[in-house]
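Please read these numbers as outputs of a predicted model, since none were measured by experiment. Per chain, numbering begins at 1; letters A, B, ... match sequence-line order.
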There are 2 protein chains.
Amino acid sequence: MGITKSDKFTNQQNDLANLFKALGHPARIAIIQTLLKRQACVCGDIVEDLPLSQSTISQHLAELKKVGLIKGTITGPSVCYCINASAWAKAKTEMDKIMSVLIKTPSVC
Amino acid sequence: MGITKSDKFTNQQNDLANLFKALGHPARIAIIQTLLKRQACVCGDIVEDLPLSQSTISQHLAELKKVGLIKGTITGPSVCYCINASAWAKAKTEMDKIMSVLIKTPSVC
DNA sequence: AACTTTTATCGTAATATTACGATTAAATAA
DNA sequence: TTATTTAATCGTAATATTACGATAAAAGTT
């Protein structure tokens, strides 16, 4: 059918998947890197940096904002975006939780 | 258009995005967790554990295998899947590289 | 008020993903 | 050889994502 059966999985599984999914596009990785590079992080700056149209960038920003990894503050006519450090810390904790076990798992086959 | 412009981004950005993307589905998170729980990790066991059909599970396994996070060994008529610990270690290193900077980034706005 | 700048949203088209049943292929068992 | 078992692949339909141009909305400027 093509619809992801979120209801069949736990909240923990869905949340973690949504977090990974938000980072599962090169443009969104690039946006994060741009936000790191520039301290002043106006939307227009990102559009200048990336080879995508303004509307597409806006969509990607919305997805990152949806999972809370970035936040945007309206400053006059423009919007200042930046990393939401506390959300990243929380995300890292969740990822580390599963990752630290995984790297220690012996390969049985 | 709807096609991801991979060619416009760096290999590092594409690789990292592909890694995250592979983990961006609750079924694939669940599969990883099943592989952790059971040491013997025959495909059929996973199908029993998850509320998805055999063919769908097989597709998800293929995606995880594509990015190298799991490996499968043919043992008779069945296939034994398991975590590829070294690939996870590499993935964790890549993720940590960007994550550790992010959690220290002050929120300017 | 009229204009400009900036970003979000709308409408759309193209591609990708998800899911399932049916079939195939490969190995074992009878 | 002929089943049987197991997993991958094929065919398909439905939904989601990606991307863009055009338009709208909101704030500042003249």
Open item on the list: Would the distance check show the side chain of B/N14 and the main-chain N or O of B/S6 forming a donor-acceptor pair, the cut-off being under 3.5 Å?
Closed with: yes

Open item on the list: Between P on C/dA16 and NZ on B/K66, what's the gap in Å once rounded to a whole number?
Closed with: 11 Å

TODO: Measure the CG-NZ distance between A/L102 and A/K97 for me, rounded to the nearest 0.5 Å.
DONE: 13.5 Å

Task: B/Q13 side chain vs B/T10 backbone, donor-acceptor pair below 3.5 Å - done: yes

Open item on the list: Rounded to the nearest 0.5 Å, what separates atom CD1 in B/I32 from atom CG in B/L69?
Closed with: 6.0 Å

Open item on the list: What is the separation between atom CD on A/E63 and atom C1' on D/dT17, rounded to the nearest whole Å?
Closed with: 8 Å

Open item on the list: Please tell me whether B/T56 and B/S53 have a donor and an acceptor in their side chains that are separated by less than 3.5 angstrom.
Closed with: yes

- [ ] Please round to the nearest 0.5 Å and tell me the distance separating atom CG of B/L23 and atom CD1 of B/I29.
- [x] 5.0 Å

TODO: Specify the separation, in whole Å, of atom CD1 of B/I70 and atom C1' of D/dA8.
DONE: 13 Å

Task: Distance (rounded to the nearest 0.5 Å) between B/F9 CZ and A/H25 NE2 - done: 6.5 Å

TODO: Tell me, yes or no, whether the heavy-atom count around B/K92 atom NZ, taken from other residues, nucleotides or ligands under 6.0 Å, exceeds 12.
DONE: yes

Could you pull out the protein-nucleic contacts involving nucleotides 3-5 of chain C (nitrogen or oxygen on both sides, under 3.5 Å)?
none

Task: Interface with DNA chain C, restricted to residues 47-61 of chain A and to heavy atoms under 4.0 Å - done: A/Q54, A/S55, A/S58

TODO: Enter the distance from B/K37:NZ to B/D45:CG here, rounded to the nearest 0.5 Å.
DONE: 10.0 Å

Task: Distance in Å, A/M95 CE paired with B/M95 CE, rounded so as to fall on 0.5 Å steps - done: 6.5 Å

Open item on the list: Using a strict heavy-atom distance below 4.0 Å, which residues from residues 14-36 of chain A are in contact with DNA chain C?
Closed with: none

